[in-house]
Student: 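This structure is in structure tokens; I'll ask about it shortly.
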Amino acid sequence: MSEALVSVKNISKTFSANKGMFGKKKFVHAVNDVSFDIMPGETFSLVGESGCGKSTTGKLIDHLITPDQGEIWFQGKDISKISDNEMRPLRSEIQMVFQDPYGSLNPRMKVQDLIGEPLLIHTNMTAGERLKKVHELLGVVGLSPSHGERYPHEFSGGQRQRIGIARALTVQPKLIIADEPVSALDVSIQAQVLNLLQQLQKDYNLTYLFISHDLSVVEMISDRIGVMYLGTIVETAPKKELYANPRHPYTRALLSAVPIPDPEKKSSRIILQGDLPSPSNPPSGCLFHTRCPHCTEKCKCERPQPVEIAPGHIVKCHYPDIQETTK
Amino acid sequence: MAQTNTNLDQNKFAAAEELPKAQSKVKEFTKKFMKRKTAVVSLIFILFIILMAIIAPFVVPYAPDQPDYTALLQGPSAAHIWGTDEFGQDVFSRLMVGSRLSLSCALIATVIGTAGGVVLGLIAGFYGGFVDSLIMRCCDVLFAFPDILLAIAVVAIIGPGMVNVMIAVAVFTVPSFARIIRSATISVKQSLYVEVARSLGCKNSRILFVHVFPGTIQSMIVNFTMRIGTAILAASSLSFLGFGANVTEPDWGAMLSLGRNYLNTAPHMVLFPGILIFLTVLAFNLLGDGLRDTLDPKMN
């Protein structure tokens with residue numbers, strides 16, 4: 001196997017939640033000891049519920065925030081501790097597509113200026129050359145060159161997301177971090193955008209870090225999947241392996257919640273008890289033990305280490321072999 | 001991968017030989033602005049006043065300081081269309097010539113004050129922290145005084161004279177701008193597209209001038225046009241108090257204040273300066289609204 005494009009090693013990030021001047025300082029553990037590799041040309045997905053640290057992980061890799069601990073290697077270089085100025089040239093290699101297509105485009109700039117902005121920053125092209133490239137990319141994402149003269153508010157959500165994707169493509173990046181790129185869109189538009197992303201991956205040989213909470217979207221687009229819970233990755237596996245043979249109780253519960261488009265089929269959902277623990281006060285031992293149906297004393301005090309139970313299938317659980325008894 | 005890209009690029013380049021033309025921003029702005037009739041009328045009025053300020057001494061029927069003791073405090077007539085004042089000086093001529101002092105003082109003072117306030121507000125809002133606290137606390141000190149009292153204090157310190165009046169008016173314009181621009185900067189800075197700009201690799205200077213600053217222009221223009229009215233009145237008041245223009249010099253505010261004494265016998269002495277100040281301030285406000293709407297891409 002070739003060398004990883006991105007290699008994340010044990011990164012952690014905490015945010016301070018200040019409780020006034022005299023209150024005790026609290027820390028929210030947004031990302032906790034997360035490690036994964038992304039191979040060139042693949043789509044690696046992070047899934048998990050709201051607030052589990054998926055987006056924070058994406059921002060850490062994009063160097064919008066820096067990790068407290070751990071290393072992020074991109075193309076054989078540790079980018080976790082470099083300054084913003086050192087990071088700037090690398091930004092043409094890493095581009096991000098954001099969740100909110102309404103907020104991510106500056107409302108005072110024309111679409112062609114928005115898409116051309118990375119070219120303005122990273123290349124020495126003239127205004128005409130930039131515009132030419134912009135028109136070309138508008139075509140690639142299914143818009144017409146005349147759309148470049150318009151402003152973002154004249155477009156629908158799906159079209160805006162295409163504009164965001166076109167902007168990410170201008171400088172021909174190696175890695176695109178797609179932070180919930182379709183969750184703000186209608187289901188029919190979601191399919192269009194996902195197809196576009198897949199097509200672009202083929203044409204431009206892109207690598208995706210795809211962040212989503214929607215398991216059916218993830219199933220469509222991913223090669224490998226990391227399941228996150230409370231700031232940590234509990235299970236990593238190739239897509240087919242994960243969907244066919246989930247080993248972590250949380251993954252099983254998540255997968256059982258995916259709706260099946262068949263009214264006759266009896267769904268066997270695993271209902272998790274309790275609420276998501278507060279990330280400012282994470283549980284001891286296994287982070288999932290407060291809600292796990294198979295929790296034992298060992299789970300309560302000892303944090304499970306990642307175990308590779310099949311090639312590429314890594315799970316953080318003391319009892320990965322327990323079979324689920326569904327009701 | 002690189003090969004597929006270059007192939008694609010070459011095909012596209014062959015398809016469209018010449019580079020598309022980028023439309024001029026000025027042209028587009030003019031086109032949009034011309035659609036706003038009230039703003040255009042206001043602009044014409046302001047241009048007329050500015051023109052008068054430049055050429056009035058050569059075109060008005062009477063010299064502004066030429067007394068006519070046979071016609072004191074006369075109402076409008078064929079000889080003096082806007083009447084005469086207590087020395088028999090022609091009100092129309094004085095007003096036209098006076099536009100030079102009043103307008104230049106108000107405009108220059110407001111522009112200086114705005115520039116200072118915008119720069120301070122942007123720095124405070126964008127960088128935050130200690131710089132922010134320092135700038136805003138200084139503004140709070142200035143805010144603690146009523147505008148006109150502050151201006152009088154400044155003039156008292158640096159001495160009377162038209163230039164010093166401008167400085168005084170500029171000084172009390174700064175804090176209101178700094179505060180408004182700071183809050184606008186903070187709200188724009190937190191928007192997602194500014195984070196996106198950072199992720200694209202924009203330098204701080206580009207983020208500040210291309211992404212943050214345009215978002216604050218609307219509040220700046222509205223405040224600017226409002227402050228011009230205040231500045232005209234403030235400069236006039238200072239002149240009346242003897243700090244600025246000499247009382248014998250033609251100045252809108254000074255004329256208005258002097259005319260107050262003859263309100264019962266010669267109301268035209270306050271009427272015409274009043275109308276002129278009112279129209280000028282109104283024109284600046286309407287122009288400001290028009291500019292704001294033109295600069296807003298969501299308005300067509």
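Throughout, a chain's letter reflects where its sequence line sits, starting with A, and its residues are numbered from 1. Values in this document were obtained by computation on a predicted structure and should not be read as measured data.
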Student: If you check every heavy atom in residues 166-197 of chain B against those of chain A, which residues fall under 4.5 Å?
Tutor: B/L192, B/Y193, B/E195, B/V196
Student: Do any N or O atoms from the side chain of A/H63 and from the backbone of B/S199 form a donor-acceptor pair under 3.5 angstrom?
Tutor: no
Student: What pairs with A/N124 under side chain to side chain contact (heavy atoms under 4.5 Å, CB included), at least two apart in sequence or on another chain?
Tutor: none
Student: Kindly check if the number of other-residue, nucleotide or ligand heavy atoms within 6.0 Å of CE (B/M34) is above 12?
Tutor: no
Student: Considering only heavy atoms, give the residues of residues 95-109 of chain A separated from chain B by less than 4.5 Å, sorted numerically, with 'none' for an empty result.
Tutor: A/Q95, A/M96, A/F98, A/D100, A/G103, A/S104, A/L105, A/N106, A/P107, A/R108, A/M109
Student: Heavy-atom pairs under 4.5 Å with chain B - which of A/I121, A/D84, A/I177, A/N85 has more of them than the others?
Tutor: A/I121
Student: Roughly how far apart are B/L200 CG and A/I94 CD1, rounded to 0.5 Å?
Tutor: 12.5 Å
Student: Could you please state which residues from residues 72-81 of chain A sit under 4.5 angstrom from chain B, measuring non-hydrogen atom to non-hydrogen atom, sorted by number, or 'none'?
Tutor: none
Student: Heavy-atom distance under 4.5 Å to chain B: side chain of A/R167, backbone, both or neither?
Tutor: side chain
Student: Show the numbers, then the answer: is there a side chain to side chain contact (heavy atoms under 4.5 Å, CB included) between A/L120 and B/R206?
Tutor: CA-CA 11 Å; A/L120 185 72; B/R206 186 173 164 82; 3.1 Å; yes
Student: Side chain, backbone, both or neither: which part of A/D179 has a non-hydrogen atom closer than 4.5 Å to chain B?
Tutor: neither
Student: If you tally heavy-atom pairs under 4.5 Å against chain B, which of A/R150, A/K59, A/R130 wins?
Tutor: A/K59
Student: I'd like to know whether CZ of B/F48 has more than 12 heavy-atom contacts from other residues, nucleotides or ligands below 6.0 angstrom.
Tutor: no
Student: Donor-acceptor pair, A/R88 side chain versus B/G201 backbone, under 3.5 Å?
Tutor: yes
Student: Measuring heavy-atom distances to chain B, does A/L114 have an atom under 4.5 Å in its side chain, in its backbone, in both, or in neither?
Tutor: neither
